[in-house]
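The model shown is predicted, which means the values in this text are computed figures rather than measured ones. The first residue of the sequence shown is numbered 1, and numbering continues consecutively from there.
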Amino acid sequence: MSKGSQRYFLGVDGGGTGCRARIEDETGNVLGQGLSGPATTRLGIEEAWASIARAFNAALEEAELSDDDLGRVHVGIGLAGIGRIGALEALSAIPTPFASVDFVSDGMGACLGAHSGRDGAIVIAGTGSIGLGFVEGRNLRIGGYGFPISDEGSGADLGLKAIQMALRANDGRIEKTALLSEVMQRFHGDPMEAVAWMDRSSATDYAALAPMVMRHADQGDAAGRRIVQSAAEHIDTLVRTLFDQGAPRVTLLGGLASPLQAWLSPDVRRRLKPADGDAVSGAIILARRSAGEDASHAPPPVDAE
């Protein structure tokens, strides 16, 4: 096939911490990759798109495609916050030189990549937590409504529970442990410093405490073990619920996926499968579907954040 008739497939994974892009030819050869900063609609549509554009422009530059080639590039974008009211419409209205541009949430992009576009589900255990999937044209969603009202078993949830227990131990309501003492040391032993920290802290700030909680739990700290075991039980429930709702396969993803593995119930560990590919792979699958390739069982284009 001549370059003049070749189609290209560009996938973008835009998340709250960074944005990645990759472009492939029709046979799946990687031609170029790009990186940029956070891309989420929480930052605003213009800033999110600017980050996406930096990533895909870097990939296009590495692939050495000319302006004349862009009309044969099909683009799939998995983006955090695409389900926010008006976000999809605003992004879809942005003019591009590409043959097609299609969007899903970053979670659904990860799910597409994890199962090579087949029916399946994922549980993400990172700063937040959520269960997502698609089965026979149905979207599945379990939890993930945001910290602190949801996101059970997440890094933010681990941090919150550790601070709550540290304050109770500081009052003498429960026994102090090494973990709870280390948490209070961060606030110089002063509960009012913890209150001041709370007033300005985000889910990401709470999740920054998760590695400390995991470390103490793995060392046998009673409070740490209690917190982590509870988190693992929440992840167990997300996985089991996805199977109960028809998911034929479930993959655990996110920064806590590996640390929590040993804490999960044996039946859950046995049923989890490794990911086939990453979220950028999922976005490329979306791009191929928008070009008319393997378009069966495609999920609806939008999943709420």
Side-chain angles (χ1 to χ4, degrees), residues 9-15 24 26 28 74-85 87-89 91-92 100-126 128-146 150-153 234-254 257 264-265 267-305:
F9 303 98
L10 173 62
V12 180
D13 173 40
E24 298 180 355
E26 291 192 8
H74 296 269
V75 183
I77 299 173
L79 180 61
I82 192 66
R84 288 175 175 245
I85 294 173
L88 178 63
E89 292 78 8
L91 288 161
S92 299
S100 66
V101 181
D102 208 353
F103 294 89
V104 289
S105 70
D106 57 336
M108 278 301 186
C111 193
L112 282 168
H115 305 299
S116 300
R118 296 173 297 167
D119 282 5
I122 57 172
V123 170
I124 301 174
S129 68
I130 192 171
L132 293 170
F134 36 87
V135 178
E136 298 177 351
R138 290 184 294 121
N139 270 16
L140 306 180
R141 176 184 176 139
I142 314 294
Y145 303 112
S150 182
D151 291 21
E152 300 88 350
H234 283 297
I235 301 302
D236 284 342
T237 299
L238 288 173
V239 172
R240 291 182 183 127
T241 302
L242 288 165
F243 277 120
D244 289 345
Q245 294 191 6
R249 55 189 70 84
V250 180
T251 296
L252 182 60
L253 302 173
L264 300 176
S265 296
D267 69 295
V268 169
R269 289 204 304 272
R270 283 195 302 270
R271 297 179 77 183
L272 290 171
K273 71 169 284 290
D276 294 339
D278 62 10
V280 182
S281 301
I284 289 173
I285 289 169
L286 180 68
R288 288 182 177 273
R289 288 180 174 180
S290 68
E293 293 192 5
D294 185 29
S296 61
H297 303 302
V302 179
D303 180 76
E305 187 178 19

So, for [X] and [Y], which heavy atoms are closest and what is the spacing to 0.1 Å?
{"X": "Gly107", "Y": "Ile124", "value": "CA-CD1, 4.2 Å"}
{"X": "Gly144", "Y": "Ser150", "value": "N-OG, 3.4 Å"}
{"X": "Leu238", "Y": "Gly131", "value": "CD2-N, 4.4 Å"}
{"X": "Ile130", "Y": "Gly143", "value": "CG1-O, 3.6 Å"}
{"X": "Gly146", "Y": "Asp151", "value": "N-OD1, 3.1 Å"}
{"X": "Leu253", "Y": "Ala275", "value": "CD2-CB, 4.1 Å"}

[X] side chain vs [Y] backbone, donor-acceptor pair below 3.5 Å:
{"X": "His115", "Y": "Asp276", "value": "no"}
{"X": "Ser129", "Y": "Glu152", "value": "yes"}
{"X": "Arg118", "Y": "Gly120", "value": "no"}
{"X": "Ser105", "Y": "Met108", "value": "yes"}
{"X": "Ser290", "Y": "Ala287", "value": "yes"}
{"X": "Arg269", "Y": "Leu264", "value": "yes"}

What's the separation between atom [atom1] in [X] and atom [atom2] in [Y], rounded to the nearest 0.5 Å?
{"X": "Asn139", "Y": "Leu132", "atom1": "CG", "atom2": "CG", "result": "8.5 Å"}
{"X": "Phe9", "Y": "Ile285", "atom1": "CZ", "atom2": "CD1", "result": "12.0 Å"}
{"X": "Leu10", "Y": "Ser100", "atom1": "CG", "atom2": "OG", "result": "10.0 Å"}
{"X": "His74", "Y": "Glu26", "atom1": "NE2", "atom2": "CD", "result": "8.5 Å"}

One pair to check against side-chain contact (heavy atoms from CB on, under 4.5 Å): Val75 and Asp102. What are the steps and the verdict?
CA-CA 6 Å; Val75 183; Asp102 208 353; over 6 Å; no
Working for side-chain contact (heavy atoms from CB on, under 4.5 Å), residues Val268 and Leu252
CA-CA 10 Å; Val268 169; Leu252 182 60; over 6 Å; no
In Arg240, Arg270, Arg271, the residue satisfying side-chain hydrogen bond (donor to acceptor under 3.5 Å, both in side chains) with Ser265 is Arg240
Could you tell me whether the side chain of Val250 reaches within less than 4.5 Å of the side chain of Leu272, counting heavy atoms only?
yes
Show your working on side chain to side chain donor-acceptor pair (under 3.5 Å) between Asp244 and Thr241 and close with a plain yes or no.
CA-CA 5 Å; Asp244 289 345; Thr241 302; 5.2 Å; no
For a side-chain contact (heavy atoms from CB on, under 4.5 Å) check, start with the C-alpha distance between Asp278 and Asp13, then their side-chain angles and the critical distance, and finish with the verdict.
CA-CA 9 Å; Asp278 62 10; Asp13 173 40; over 6 Å; no
Let's go through Ile77 and Val101 carefully: what are the C-alpha distance in whole Å and the side-chain angles of both, what is the deciding distance for side-chain contact (heavy atoms from CB on, under 4.5 Å) to 0.1 Å, and is it a yes or a no?
CA-CA 7 Å; Ile77 299 173; Val101 181; 3.9 Å; yes
Less than 4.0 Å between a side-chain N and a carboxylate O, is that true for Asp119 and Arg249?
no
Among Val104, Leu112, Leu140, which residue meets the side-chain contact (heavy atoms from CB on, under 4.5 Å) test with Phe134?
Leu112
